[in-house]
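These notes are about the structure you will find just below.
Please read all numbers here as calculations on a predicted model, not as lab measurements. The sequence lines fix the lettering, A, B, ..., with proteins before strands; numbering per chain opens at 1.
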Number of protein chains: 2
Amino acid sequence: MIVPEVQAEIDKFLQGKGLRRTRQREVIVEAAFSTDEHFTADDLWERSRKIDRTVSRATLYRTLSLLVEAGLLTEIDLGKDIKYYDPNFLEHPHHNHLICVDCDKVVEFSDANISLLEDCITRRLGFRPTKKAIRIEGTCEELRRTGFCKSRVDKGPA
Amino acid sequence: MIVPEVQAEIDKFLQGKGLRRTRQREVIVEAAFSTDEHFTADDLWERSRKIDRTVSRATLYRTLSLLVEAGLLTEIDLGKDIKYYDPNFLEHPHHNHLICVDCDKVVEFSDANISLLEDCITRRLGFRPTKKAIRIEGTCEELRRTGFCKSRVDKGPA
DNA sequence: GTTCGTGCAAACCGTTTGCACCGAC
DNA sequence: GTCGGTGCAAACGGTTTGCACGAAC
């Protein structure tokens, strides 16, 4: 994926703040941006440890904060009780999330009209938008019509 | 506010599930719906205890779940790390939230066009929408222009 | 050599749960 | 009297933090 670009970006960020480039930070960035799936802190910890077994949870969390602060990673709310992180905002800065309640699949979408509407509404209320997030939960139409949803297969009976 | 109506509603819900009407549940409902502000579990606990000092955290949380399950209260994500609850969805079932990053003020809004767009997009992706939430964070235009925001007064210096 | 980063384990904090007693029905 | 509800305190799970050692610069 875009790991090298992200490494450059985080280098710039670290340098700007007088912070150091460490093996652990490299590993975590590599683990985070070698996929375009959303992940939890724990997911990322496991993936990092596959590259370097010594990465600790503490460092994972500390680095995660840095990446969010640097704007390379975005916290998203998928309606679960744990935080998810989305590595795709660099490439698609304005996307939103649709979550299937049948199979838990997450579909990203963006729509210029809806963005525009959001901006209008925000300004009308006397604010300037800085961060916008739409989360839609839905049921799979295919499952409802045909009784079968290919994304649902691995989830066991309804 | 609409406390009596809500009491009737929760009574119906409890009865339907063979659950009991208790003093504690009455108190918590009263505390929850005597305001139209968003609140945390702890906020609600304190308000409940002002009515009846014996309400415990455990019962608070258990009742909170019931109210959400009954559809009387909605969990919302205000971008903070704790859960907030919104008692206003009964009266305004389709509203969204705009959060001011300057003063933390939350403005509710709804918009038919945006709702329609959400539905279209969801169907186009092969799903049927069940729950939709828009969260916009923004900065106060008044504060930016005049250096003063009446909602900000109680927050101390920038 | 200085300073920042790290791993470890303990602390934290919002929430949930096991248990014995209590109260609605 | 039965069964669900409650308060208490302990447990839980994700996240943060204090500390002493280690590594970047």
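Between the CZ atom of B:R23 and the C1' atom of D:dG7 there is a distance of 16 Å, given to the nearest Å. Nucleotide C:dG14 holds its C1' atom 13 Å from the CG atom of B:D43, rounded to whole Å. Atom P of nucleotide C:dA9 and atom CG of A:L60 are separated by 17 Å, given to the nearest angstrom. Between B:I82 atom CD1 and D:dG14 atom C1' the separation is 15 Å, expressed in whole Å. If you measure from atom CD1 of B:I10 to atom C1' of D:dG5, you get 14 Å, rounded to the nearest angstrom. One can place NZ of B:K17 at 19 Å from P of D:dC3, the figure rounded to the nearest angstrom. Nucleotide D:dT6 holds its P atom 15 Å from the CH2 atom of B:W45, rounded to whole Å. Note: NZ (B:K80) to P (C:dC13) measures 18 Å, nearest angstrom.
A:L78 CG to A:H97 NE2: the interatomic distance, rounded to the nearest 0.5 Å, is 6.5 Å. In this structure, A:I99 CD1 and A:E137 CD are separated by 5.5 Å, a value rounded to the nearest 0.5 Å. Taken to the nearest 0.5 Å, the CG atom of A:L44 stands 12.5 Å off from the CZ atom of A:R49.
B:E141 contributes no side-chain N or O that, together with a main-chain N or O of A:R123, makes up a donor-acceptor pair within less than 3.5 Å.
Residue A:Y61 places at least one side-chain N or O closer than 4.0 Å to OP1 or OP2 of D:dT15. Look at A:T40 and you won't find any side-chain N or O under 4.0 angstrom from OP1 or OP2 of D:dG14. Within the structure, every side-chain polar atom (N or O) of B:R21 is placed at least 4.0 Å from both OP1 and OP2 of C:dA24. OP1 or OP2 of C:dG7 lies within a sub-4.0 Å distance of a side-chain N or O belonging to A:T59.
Proximity note for A:R25 (side chain, C-beta onward) versus C:dT6, C:dA24, D:dA9: the nearest is C:dT6.
Residue-to-nucleotide contacts include no donor-acceptor pair under 3.5 Å from the side chain of A:R20 to the base of C:dG5. Applying the 3.5 Å distance criterion, the base of C:dT6 shares no donor-acceptor pair with the side chain of A:R62.
The two atoms that bring A:C140 and B:F127 nearest to each other are CA-CD2, 3.7 Å, heavy atoms only.
Each of A:R57 and B:R57 has a nearest nucleotide on DNA chain D; the 5'-most of these lies closest to B:R57. If you find the closest nucleotide of DNA chain C to B:S65 and to A:T54, the one lying nearer the 5' end belongs to A:T54. Across the interface with DNA chain C, nearest-nucleotide mapping of A:Q24 and B:L19 shows A:Q24 to be the residue nearer the 5′ end.
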